[in-house]
Visitor: 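Here you go, one structure.
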Amino acid sequence: MNKVSDIYILGIESSCDDTSIAVCRNNTVLSNVTANQKVHSLYGGVVPELASRAHQEHIVPVYQQALKDANVTLDDIDAIAYTHGPGLLGSLLVGCSFAKSLAMATGKKLIAINHMEAHILAHTAANNPDGNPQYPYLNLTVSGGHTQLVRVNNPSSFDLIGESIDDAAGEAFDKGAKTLGLPYPGGPHVDKIAKTGNPLAYKFPISNVGEFEFSFSGVKTSLLYFLQKETKNDPDFISNNLADICASYQHIIVQSLLQKVEYTADALNLSTICLSGGVSANSYLNQSIRELGTKKGWNIFIPPLNLCTDNGAMIALAGYQKYLQNDFSTIDASPKSRWKPGVSL
Ligand code: KG4
Ligand code: ZN
């Protein structure tokens, strides 16, 4: 029997290349079903037109599986949350239209979610191994499209402190991996190969930018020039030294992230530090931030892997917070390709 106070939220995520739908009961994730799009690996990056088509193909079966896994029917759902932005417009339109159709057909409430806020609200899930952080905290969101430092005051108040002025950290991993001939998305491959390499074997530069900003386009270019130079002397340089190259490249990206986190945490006097987004799955970043946290006396929170990468559960969790605030959206709202956290619809 459902408790009268229980709220069931359907969460629909389609901002990039994963179609993911989840059901949450309050902050408990009951199901979280994701269809990955393999097609993009052929092109070494996401092809927007193909992503929209794949969402169209996947969205109904993923929705059906999400209800089934949660052991609920549409009747049980109290509100429908969907990613309203930021992301690829064609991809967002698929999830948005599907959510609106469900809301219109059932008369249920519709909740428009900011994808970057949802990455952060993955920290509100019940049963996360690190538990749930106390507010306020500093969140480093590191994904394929964004690198952001956000002061989180409460589940509906976000101050964007700084972000990358060019490539995102995930993009630096993926583009570097592509240069090394690794498949897309390259981040997990670099992570795995780097495990047997020496992070100090080669030195790549960190770009010097504003105090709360990041820049990752320089490191990607320095890898390219370094490889061009070395392969002139030794055509097998990459294959002979792949683990050391991956470890050194990963090291500089992680150092750059940690330097800014430490500086920002000190400047804002925050000691609860949270990671979110796909790159938080990186094992070297995980280990390094926990080591730094021990030295600094921080409380560190990293969500489980399935709540770090793009997923419907984080949309449902964000939807639950908005439901509690009575913050619903209208049927005529149109998705936004750009949308910073903390900015209202
Ligand atoms: O958050 P996410 O799933 O999607 C976006 O919103 O962008 O993040 C995807 C990014 C990709 O760039 C991917 O290479 C990176 O997360 N990523 C990793 C790892 N796992 C995923 N990067 C480094 N190490 C990993 N283990
Ligand atoms: Zn994301």
Side-chain angles (χ1 to χ4, degrees), residues 11-20 22 32 34-37 40-41 44-46 48 51 55 82-88 91-92 95 113-123 139-148 150 163-164 167-180 182-195 197 199 214 216 219-220 246-247 249-257 274-289 302-315 317-318 337-341:
I12 301 170
E13 157 60 28
S14 73
S15 65
C16 189
D17 58 344
D18 290 330
T19 318
S20 186
N32 192 17
T34 302
N36 302 111
Q37 301 184 1
H40 307 290
S41 61
V46 176
H55 283 304
Y82 70 96
T83 305
H84 192 76
L88 301 170
S91 293
L92 291 166
I113 298 295
N114 179 311
H115 179 90
M116 302 316 296
E117 293 177 6
H119 267 303
I120 295 172
L121 293 171
H123 293 297
N139 197 93
L140 172 68
T141 314
V142 268
S143 71
H146 297 85
T147 305
Q148 297 180 333
V150 179
E163 60 187 332
S164 175
D167 291 353
E171 219 172 336
F173 270 106
D174 296 339
K175 288 180 176 170
K178 192 173 177 186
T179 309
L180 291 167
L182 300 172
Y184 177 86
H189 296 280
V190 172
D191 186 358
K192 194 163 163 229
I193 297 165
K195 283 188 202 300
F214 302 92
F216 291 106
V219 69
K220 168 198 72 187
C246 285
Y249 186 68
Q250 173 176 266
H251 175 75
I252 202 67
I253 296 173
V254 168
Q255 283 313 302
S256 164
L257 293 170
C274 302
L275 281 187
S276 60
V279 181
S280 21
N282 183 268
S283 59
Y284 188 67
L285 174 60
N286 261 260
Q287 186 197 331
S288 310
I289 200 165
I302 306 172
L305 181 63
N306 65 336
L307 297 186
C308 281
T309 50
D310 284 352
N311 67 90
M314 69 185 198
I315 305 302
L317 290 163
S337 58
R338 288 163 184 268
W339 190 9
K340 292 188 191 290

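Indexing begins at 1, ligand by ligand and atom by atom, following the structure's order.
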Visitor: Is there a donor-acceptor contact under 3.5 Å from the side chain of Asn36 to the main chain of Asp18?
Guide: no
Visitor: May I ask you to identify the nearest protein heavy atom to atom 15 (C) of ligand 1, giving residue, atom name and distance to one decimal place in Å?
Guide: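 Here the closest protein heavy atom is Val279 CG2, 3.9 Å.
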Visitor: What residue and heavy atom of the protein are closest to atom 1 (O) of ligand 1, and at what distance?
Guide: Gly278 N, 2.9 Å
Visitor: Do the non-hydrogen side-chain atoms of Ile120 and Val150 ever get within less than 4.5 Å of each other?
Guide: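 Side-chain contact under 4.5 Å: yes.
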Visitor: For the atom pair NE2 (His55) and CD (Glu13), what is the distance rounded to the nearest 0.5 Å?
Guide: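 CD of Glu13 is found 7.5 Å from NE2 of His55.
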Visitor: Suppose we only count N/O/S atoms under 2.8 Å; would His115 qualify as near the Zn ion (ligand 2)?
Guide: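 For His115, the answer is yes, given that an N, O or S atom comes within less than 2.8 Å of the Zn ion (ligand 2).
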Visitor: Can you check whether Ser283 has an N/O within less than 3.5 Å of an N/O in ligand 1?
Guide: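 Min N/O separation from ligand 1 is not below 3.5 Å for Ser283.
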Visitor: Given side chain to side chain donor-acceptor pair (under 3.5 Å), test Ser276 with Asn139 step by step and report yes or no.
Guide: CA-CA 7 Å; Ser276 60; Asn139 197 93; 2.9 Å; yes
Visitor: Does any N or O atom in Gly277 lie less than 3.5 angstrom from one in ligand 1, N or O only?
Guide: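 Not met; the criterion fails.
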Visitor: As a test of reading the structure, name the N/O/S atom of Asp310 that is nearest the Zn ion (ligand 2).
Guide: OD1
Visitor: Considering Asn282, Thr34, Thr141, Leu285, which one's heavy-atom position lies nearest to atom 25 (C) of ligand 1?
Guide: Asn282
Visitor: Give a yes/no on ligand 1: does Gln250 have at least one heavy atom closer than 4.0 angstrom to it?
Guide: no
Visitor: Quick check: do Asn306 and Asn311 have side-chain heavy atoms less than 4.5 Å from each other?
Guide: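 In short, these two side chains do not touch, never coming nearer than 4.5 Å.
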Visitor: Any side-chain heavy-atom pair from Ser20 and Asn32 closer than 4.5 angstrom?
Guide: yes
Visitor: With atoms numbered from 1 as shown, which atoms in ligand 1 lie under 4.0 angstrom from a non-hydrogen atom of His115?
Guide: 6 (O)
Visitor: To the closest 0.5 Å, what do you measure between CG (Asp310) and OG1 (Thr19)?
Guide: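 Reported value, rounded in 0.5 Å steps: 10.5 Å.
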Visitor: Distance under 4.0 Å to a non-hydrogen atom of Gly170: what atoms of ligand 1 satisfy this?
Guide: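 In order of number, 12 (O).
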Visitor: Would you check if the Zn ion (ligand 2) lies under 2.8 Å from any N, O or S atom of His119?
Guide: yes
Visitor: With rounding to the nearest 0.5 Å, note down the distance linking CG in Leu180 to NE2 in His189.
Guide: 12.0 Å
Visitor: When rounded to the nearest 0.5 angstrom, what is the spacing between CD in Gln255 and OG in Ser288?
Guide: 6.5 Å
Visitor: Identify the closest protein heavy atom to atom 14 (O) of ligand 1: which residue and atom is it, and at what distance?
Guide: Asp174 OD1, 2.6 Å
Visitor: So which heavy atom in the protein is nearest atom 3 (O) of ligand 1, and how far is it from that ligand atom?
Guide: Asp310 N, 2.9 Å
Visitor: Are more than 12 heavy atoms from other residues, nucleotides or ligands located less than 6.0 Å from atom NZ of Lys192?
Guide: no
Visitor: Does the residue Pro188 have a heavy-atom contact with ligand 1, meaning some pair of atoms that are separated by less than 4.0 Å?
Guide: yes
Visitor: Is any side-chain heavy atom of Ser91 closer than 4.5 Å to one of Ser15?
Guide: no
Visitor: Parallel, tilted or perpendicular: which describes the rings of Tyr82 and His84, with under 30° parallel and over 60° perpendicular?
Guide: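 Ring orientation, 0 to 90° scale: perpendicular.
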Visitor: Decide whether the shortest distance between a heavy atom of Lys192 and an atom of ligand 1 is less than 4.0 Å.
Guide: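 No, that is not the case, since the closest heavy atom of the residue is not under 4.0 Å from the ligand.
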Visitor: Please identify which atoms of ligand 1 are closer than 4.0 Å to at least one heavy atom of Gly145.
Guide: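 Going through ligand 1 atom by atom, the ones under 4.0 Å from Gly145 are 7 (O).
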Visitor: Can you name the atoms of ligand 1, numbered from 1 with element, that are less than 4.0 Å from a heavy atom of Ala281?
Guide: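 Those of ligand 1 that fall under 4.0 Å from Ala281 are 20 (N), 26 (N).
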Visitor: For atom 18 (C) of ligand 1, which of Gly187, Cys308, Ala172 has the closest heavy atom?
Guide: Gly187
Visitor: Is there a side-chain contact (heavy atoms from CB on, under 4.5 Å) between Thr147 and Leu257 once you walk through the steps?
Guide: CA-CA 9 Å; Thr147 305; Leu257 293 170; 3.8 Å; yes
Visitor: In terms of residue, atom name and distance, what is the protein heavy atom nearest to atom 9 (C) of ligand 1?
Guide: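 Answer for atom 9 (C) of ligand 1: Gly144 N, 3.7 Å.
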Visitor: Quick test: of every protein heavy atom, which one is nearest to atom 26 (N) of ligand 1, and how far off is it to 0.1 Å?
Guide: Asp191 OD2, 2.9 Å
Visitor: So which bit of His119 gets within less than 4.0 Å of ligand 1, heavy atoms only: side chain, backbone, both or neither?
Guide: side chain
Visitor: Does an N or O from Pro185, backbone or side chain, lie closer than 3.5 Å to an N or O of ligand 1?
Guide: no
